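Everything on this sheet refers to the single structure shown next.
Keep in mind that what you see is a predicted model, and the values were worked out from it rather than measured.
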Amino acid sequence: MSISNFARRFNRRLTWTHLLILFVLALGTVGFHLIEGLSFLDSIYLTTTTVTTIGYGDVVPTTRAGKAFAVFLALFGVGTVLYALSMFAQYVVQSQVLDAMGLRRRNREMDRLSNHFIICGAGRVGRKVIKSLKRDGFKFVVIEFKPDAIAKLGDDVLVVEGDATLDENLKRAGVERAAGIATCLSDDAKNVYVVLTARHINPTIHIVARADEEQAEPKLIRAGANRVVSPIIIGGQGMARSLTRPAIADFMDSIIAENLDLVFEEIQISPGSKFIGCQLKDADISRRLNLLIVAIRRKDGEMIFNPDGTAKIKEGDLLIVIGKAEGVKEFLQK
């Protein structure tokens, strides 16, 4: 039985125990009120002192029926309360055990990860990144210290609970083995610190940083970020585009929302690829796979936008394409 299933079954038992205690208190209160004619306050007081075995003796049943009812309530109610207390103690111990088991399991999974991504911060921006990575099937770890933000992620997300600016938390997330890290914190100074730390620990890691203020961008680049993204700047540009070029804005939004079944993708030309040395017109990628090659980035960093048919494909090139997802998948298999 899995940990989550065991926890659910145990929680259901605990819920039924609470309901049983409430039933005993309600039964005793109503019984003493009807049989002894006590007020509801005295009735619940007598019921509580009976089932908890305190027995102050200041309020007692006086009739034969009341005494008989008190005997029944003591035999039935005391056992119920003791059972509830034992269940509560078991719940506390079991919760600690489950937490420890879950923590060990997550640590083992994170220790096995490599070439994964790390997301620092699970706020509004971070959750968008996480949603995209989950949709595309990438491996990733989230670093977040707010319990309410962690609760929104779900049980299937690996989380390091803590401050992303601390070295030990980045190392717990496997920053030495990670392919990339996105620092999505709402504080630019903290993002700079995460970038500095990650770059120091892993000099080859690809770092994407969030910047809320425009002046933070050069600082993040100097700290070691490969890319800096400003939601405010992107949002402003998007609004301006929607205002002045609505058709282009609708097209871009449709791609992002996947309404057109189109994807932007970057395809690495690996050693041994049959396309190495071919001109684009001879590779015939556009016609056979229905892919539009928007740009080619050479191994030395040169970027060729809208390449013509005479452009040659070289080993290590990065082709930036737009097209149907199945076309991209077929190209990757060649």
Side-chain angles (χ1 to χ4, degrees), residues 1-108 121-124 127 142-163 166 168-169 172 186:
M1 183 186 300
S2 68
I3 294 175
S4 58
N5 289 337
F6 186 86
R8 282 195 292 270
R9 288 185 59 182
F10 193 85
N11 287 336
R12 283 198 296 268
R13 289 174 60 190
L14 198 65
T15 300
W16 279 110
T17 303
H18 290 157
L19 292 175
L20 191 58
I21 291 175
L22 292 175
F23 172 74
V24 170
L25 292 176
L27 177 65
T29 300
V30 173
F32 284 128
H33 175 69
L34 295 177
I35 297 173
E36 292 291 317
L38 299 174
S39 67
F40 279 106
L41 180 60
D42 286 340
S43 296
I44 195 171
Y45 175 75
L46 181 56
T47 300
T48 304
T49 56
T50 300
V51 298
T52 57
T53 70
I54 295 175
Y56 290 118
D58 48 349
V59 179
V60 296
T62 57
T63 65
R64 291 169 62 96
K67 292 177 181 179
F69 181 74
V71 171
F72 164 76
L73 186 65
L75 294 175
F76 174 68
V78 171
T80 301
V81 171
L82 290 176
Y83 174 73
L85 291 175
S86 66
M87 282 292 296
F88 181 74
Q90 185 181 355
Y91 173 78
V92 172
V93 174
Q94 195 67 51
S95 296
Q96 294 175 344
V97 172
L98 290 174
D99 289 343
M101 291 175 64
L103 181 60
R104 285 198 296 269
R105 176 183 60 82
R106 290 193 296 271
N107 286 340
R108 285 197 301 269
R124 289 177 297 178
R127 286 199 299 273
V142 179
I143 305 178
E144 176 57 63
F145 72 94
K146 295 180 180 177
D148 56 337
I150 294 174
K152 295 177 182 178
L153 298 179
D155 296 334
D156 59 334
V157 175
L158 291 176
V159 180
V160 173
E161 188 171 357
D163 188 348
L166 299 179
E168 57 264 30
N169 290 330
R172 283 175 60 196
S186 57

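- Partners of Phe23 under the ring-ring contact (aromatic ring centres under 6.0 Å, His included) rule, at least two apart in sequence or in another chain, do not exist in this structure.
- Val59 has its side chain out of reach of Phe32: every pair of non-hydrogen atoms, C-beta onward, lies at least 4.5 Å apart.
- Checked against ring-ring contact (aromatic ring centres under 6.0 Å, His included), Phe40 has the following partners two or more places apart in sequence or in another chain: His33.
- Looking at every heavy atom in both residues, Asn169 comes nearest to Asp163 through ND2-O, 2.8 Å.
- Legend: residues meeting side chain to side chain donor-acceptor pair (under 3.5 Å) with Thr52, ordered by chain and number and at least two apart, are absent.
- Considering only residues two or more places apart in sequence or on other chains, Tyr45 meets the ring-ring contact (aromatic ring centres under 6.0 Å, His included) condition with none of them.
- The shortest non-hydrogen separation linking Val157 to Val142 is CG1-CG2, 3.7 Å.
- When all heavy atoms are compared, the tightest approach of Ala70 to Thr50 is O-CG2, 4.2 Å.
- Considering Asp42, Ile44, Leu41 in turn, Ile44 is the only one that fulfils the side chain to side chain contact (heavy atoms under 4.5 Å, CB included) rule with Thr29.
- By the side chain to side chain contact (heavy atoms under 4.5 Å, CB included) test, Ile35 pairs with Thr63, Ala65, Phe69, sequence neighbours left out.
- When every heavy atom of Glu36 is checked against every heavy atom of Thr62, the shortest pair comes out as OE1-N, 2.9 Å.
- The side chain to side chain donor-acceptor pair (under 3.5 Å) test applied to Asp148 returns no partner, not counting sequence neighbours.
- Not counting sequence neighbours, Thr53 has no partner by the side chain to side chain donor-acceptor pair (under 3.5 Å) test.
- Residues passing the side chain to side chain contact (heavy atoms under 4.5 Å, CB included) test with Ile150, sequence neighbours excluded: Glu144, Val159, Glu161.
- The two residues Gly77 and Val51 have their closest heavy-atom pair at CA-CG1, 3.9 Å.
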